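What you see is a predicted model; the values in this text were computed from it and never measured. Counting starts at 1 for both ligands and their atoms, following the listed order. Just the heavy atoms: all of them, side chains too, but no hydrogens, waters or symmetry mates, feed the values below. We're numbering straight along the sequence, starting at 1.
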Amino acid sequence: MTTPPKPSVLLIYTGGTIGMIRNPETGALESFTFEHLSKHIPELKQMDCLISSVQFEPPIDSSNMEPALWVELVKIIHENYDRFDGFVVLHGSDTMAYTASAMSFALENLAKPVVFTGSQLPIGVLRTDGKENLITAIEIAHAKRPDGTPTVPEVCILFQDQLLRGNRTTKVNAENFNAFRSPNYANLADVGVHINYYTRRIRRPDASLPMKPHFLFDTNVVVLTLFPGIQERIVSEVLKMKGLKAIILKTFGTGNAPQKEWFTRAVREATRRGLVIINVTQCPSGSVEMERYETGRQLLEAGVTSGYDTTVEAAVTKLMFLLGHGYSPEEVRRQMNMSLAGEITLESDRPLQQDSLS
Ligand code: ASP
């Protein structure tokens with residue numbers, strides 16, 4: 001009898017606290033190589049899978065992450081897609097939610113796990129959370145269902161004891177090990193003695209479609225947060241900015257804004273000129289419903305598009321992704337109102353979402 005081949009996982013080390021060491025002169029944490037990292041986790045050799053690795057040169061603090069590096073990541077996954085059962089991306093936690101969101105759009109028809117993880121304490125520190133995160137992420141990246149298909153064939157974030165859909169996440173804590181939340185979509189798995197997968201919440205890809213990588217992001221977008229007292233001059237300047245193609249307008253509550261004549265006029269003029277304006281609530285959880293109050297309806301009438309229950313991270317990266325295709329403003333607005341990778345909850349998804357939150 002022949003033994004089945006061991007599953008294989010590609011570890012992509014981009015940088016982040018997990019692999020950092022303290023600079024003895026400045027005291028600041030600086031990125032270090034993968035070799036350094038693996039030396040501190042001899043357990044990797046005991047895992048029941050073959051692990052290969054590649055690293056960014058140089059590894060970076062994730063505050064230095066940018067769309068050109070997202071493209072690098074897409075290329076690495078695309079070039080190695082057929083050779084591995086799953087991928088683990090080691091990434092700084094600061095912008096992990098952006099990169100995970102970007103990957104969820106750029107890796108169309110993804111049918112294998114891409115698990116992001118990192119840590120709040122470097123791997124060389126005694127109380128590090130990095131070791132457990134990395135080992136669990138590798139386990140998830142090659143986990144299979146009884147029918148042999150991957151258990152989590154989507155882009156996700158594993159941090160401490162939670163597995164979250166990548167494009168639903170946001171970093172909520174700069175200190176706690178439990179640094180991420182998925183405010184509008186329930187966990188894909190909880191990690192304890194066992195890894196408890198919630199299969200019905202996990203995306204099922206169409207296995208007949210090949211994975212299609214995308215390499216273009218257009219960064220002509222901006223996030224504008226409303227607050228009481230925001231000035232006409234500033235709003236007008238932002239809306240008229242040269243080259244700007246899309247704005248994420250962070251509104252109050254269910255998508256509401258001040259009822260000022262100058263404000264609605266400026267917004268209406270901007271949408272008519274072809275600027276895409278996406279309404280995203282400032283509340284950490286819940287959805288935009290512009291029909292609910294007069295203060296929201298005025299935005300709808302001025303041509304603003306609902307961002308539903310999106311995170312800012314997903315909205316920013318989705319806009320860059322859609323604008324990268326060179327789509328017309330109408331097409332960008334249309335696709336912002338569709339769920340491309342499970343990033344928003346539409347009316348038609350609500351029964352499922354209720355169920356998944358219970
Ligand atoms: N500044 C670090 C980074 O995002 C923090 C972390 O890794 O958690 O790269």
Review point. Are Lys112 and Tyr81 in a cation-pi setup, meaning NZ or CZ lies under 6.0 angstrom from the ring centre and within 45 degrees of the ring axis?
Key: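 Relative to the ring axis of Tyr81, which defines the angle, Lys112 lies inside both limits.
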Review point. Just distances here: any N/O of Ser63 and N/O of ligand 1 closer than 3.5 Å?
Key: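 In fact, backbone or side chain, Ser63 has no N or O that close.
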Exercise for review: Could you tell me whether some N/O pair between Lys171 and ligand 1 is separated by less than 3.5 angstrom?
Suggested key: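 Such a contact does not occur with ligand 1.
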Check your understanding: In terms of ring plane angle, is the pair His325 and Phe321 parallel, tilted or perpendicular, where the classes change at 30° and 60°?
Key ->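 Correct class here is perpendicular.
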Exercise for review: In plain terms, say whether Glu343 and Arg168 are close enough for a salt bridge, that is, a side-chain N and a carboxylate O under 4.0 Å apart.
Suggested key: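 Between Arg168 and Glu343 there is no salt bridge, as every charged N stays at least 4.0 Å from the carboxylate O atoms.
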Exercise for review: Start with the C-alpha gap between Arg145 and Thr199, add the side-chain angles, then the distance that decides, and say whether side chain to side chain contact (heavy atoms under 4.5 Å, CB included) holds.
Suggested key: CA-CA 10 Å; Arg145 295 184 182 204; Thr199 315; 3.2 Å; yes
Exercise for review: Can you sort out which atoms of ligand 1 are near Gly16, meaning under 4.0 Å from one of its heavy atoms?
Suggested key: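 Near Gly16, the atoms of ligand 1 are 7 (O), 9 (O).
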Check your understanding: Is there a donor in the side chain of Gln162 and an acceptor in the side chain of Asn178, or the other way round, less than 3.5 Å apart?
Key ->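 A donor-acceptor contact under 3.5 Å links the two side chains.
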Review point. Just checking, is any N or O donor in the side chain of Thr251 or Asn279 under 3.5 Å from an acceptor N or O on the other one?
Key: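 There is such a pair (donor and acceptor under 3.5 Å, judged by atom type) between the side chains of Thr251 and Asn279.
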Review point. Using a heavy-atom cut-off of under 4.0 Å, does the side chain or the backbone of Ser119 touch ligand 1, or both, or neither?
Key: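 Backbone only.
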Check your understanding: Considering only the protein, which heavy-atom contact is closest to atom 8 (O) of ligand 1, and what is its distance?
Key ->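 Checked against all protein heavy atoms, atom 8 (O) of ligand 1 sits closest to Ser93 OG, 2.4 Å.
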Check your understanding: Who's the nearest protein heavy-atom neighbour of atom 4 (O) of ligand 1, and how far?
Key ->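 Ranking protein heavy atoms by distance from atom 4 (O) of ligand 1, first comes Ser62 OG, 2.5 Å.
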Check your understanding: Nearest to atom 5 (C) of ligand 1 by heavy atom, Asp129, Thr17, Ile18: which?
Key ->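 Selected option, by shortest heavy-atom distance: Thr17.
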